[in-house]
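So the structure is just underneath, and the comments pick up after that.
The first residue of the sequence shown is numbered 1, and numbering continues consecutively from there. Any value given below was found using the heavy atoms of this structure, including those in side chains, with hydrogens, waters and symmetry copies removed.
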Amino acid sequence: MNMRSTRSTVTFCHPFTLKGRSEILPAGAYEVLVEEEELQGVSFLAYKKTATYLIVMRRGKTEMREISGEDLAAVLSLDQLAFQDN
């Protein structure tokens, strides 16, 4: 089974929380890691997302916080709405 990982950066303009956690994370740039596995048995190259992580650096530690793509999109959308209100 072939796997691949892609990295991107998202920027939050305001402090935010992740679903299921009470900790408030500061505004700033965060790395996102998406892991995918190659689909077998299809006639073209295709991948299925298996996990999405938000990389959080806190107090000298780097943590990978698993988050769904939908939850990440929702928290980014809320941040964008708050940015437009200012």
Side-chain angles (χ1 to χ4, degrees):
M1 176 180 342
N2 289 331
M3 300 287 292
R4 73 177 181 184
S5 297
T6 55
R7 294 176 183 265
S8 61
T9 302
V10 295
T11 301
F12 292 93
C13 297
H14 300 87
F16 65 100
T17 59
L18 298 176
K19 184 177 179 179
R21 295 182 177 257
S22 60
E23 176 186 21
I24 298 173
L25 297 172
Y30 289 81
E31 186 175 6
V32 175
L33 173 68
V34 176
E35 294 182 344
E36 300 171 302
E37 67 182 8
E38 186 177 344
L39 293 177
Q40 302 295 314
V42 294
S43 61
F44 53 90
L45 184 61
Y47 288 86
K48 177 177 98 171
K49 187 185 303 184
T50 58
T52 302
Y53 299 97
L54 185 69
I55 310 301
V56 177
M57 299 177 83
R58 300 277 299 195
R59 299 180 192 100
K61 292 183 180 180
T62 301
E63 300 176 10
M64 292 175 60
R65 307 255 178 106
E66 190 165 7
I67 185 171
S68 74
E70 293 83 14
D71 288 345
L72 179 59
V75 74
L76 283 167
S77 179
L78 286 173
D79 186 67
Q80 183 63 32
L81 286 173
F83 178 74
Q84 291 174 355
D85 288 343
N86 288 333

(message) With ring-ring contact (aromatic ring centres under 6.0 Å, His included) as the rule and sequence neighbours excluded, what pairs involving residues 48-78 come up?
(response) none
(message) Once rounded to the nearest 0.5 Å, what's the spacing between atom CD of Q40 and atom CG of N2?
(response) 7.0 Å
(request) Report the distance from atom CG of L33 to atom CD of E66, rounding to the nearest 0.5 Å. (result) 10.5 Å
(request) Write down the atom of D79, the atom of C13, and the distance for their closest heavy-atom approach. (result) OD2-N, 2.8 Å
(message) My understanding is that only residues two or more places apart in sequence, or in another chain, count here; which of them pass side-chain hydrogen bond (donor to acceptor under 3.5 Å, both in side chains) with S68?
(response) D71
(request) Only pairs at least two apart or in different chains count here, so list each salt bridge (charged side-chain N to carboxylate O under 4.0 Å, His left out) that has a residue in residues 40-57. (result) E37-K48
(request) Applying side-chain contact (heavy atoms from CB on, under 4.5 Å), name anything that partners T62, two or more places apart in sequence or on another chain. (result) I55, M57
(message) Can you list, by chain and residue number, the hydrophobic cluster partners of V42 when the side-chain cut-off is 4.5 Å?
(response) L39, F44
(message) Taking transitive links into account, so neighbours of neighbours count too, which hydrophobic residues share a cluster with Y47 at under 4.5 Å side-chain distance?
(response) L45
(request) Please identify each residue that fulfils salt bridge (charged side-chain N to carboxylate O under 4.0 Å, His left out) with E70, with sequence neighbours left out. (result) none
(message) Holding to salt bridge (charged side-chain N to carboxylate O under 4.0 Å, His left out), I want the full list of residues that pass it with E35, two or more places apart in sequence or in another chain.
(response) none
(request) Supply the members, apart from I67, of the Ile/Leu/Val/Met/Phe/Trp/Tyr cluster built from side-chain contacts under 4.5 Å; use none for a lone residue. (result) V10, F12, F16, L18, L25, Y30, V32, V34, L54, V56, L72, V75, L76
(request) Could you tell me which residues satisfy salt bridge (charged side-chain N to carboxylate O under 4.0 Å, His left out) with R58, sequence neighbours excluded, listed by chain and number? (result) E23
(request) Would you please name every residue forming a salt bridge (charged side-chain N to carboxylate O under 4.0 Å, His left out) with E38, sequence neighbours left out? (result) none
(request) Return the set of residues passing side-chain hydrogen bond (donor to acceptor under 3.5 Å, both in side chains) with R7 (not counting sequence neighbours), or none when no residue passes. (result) E31
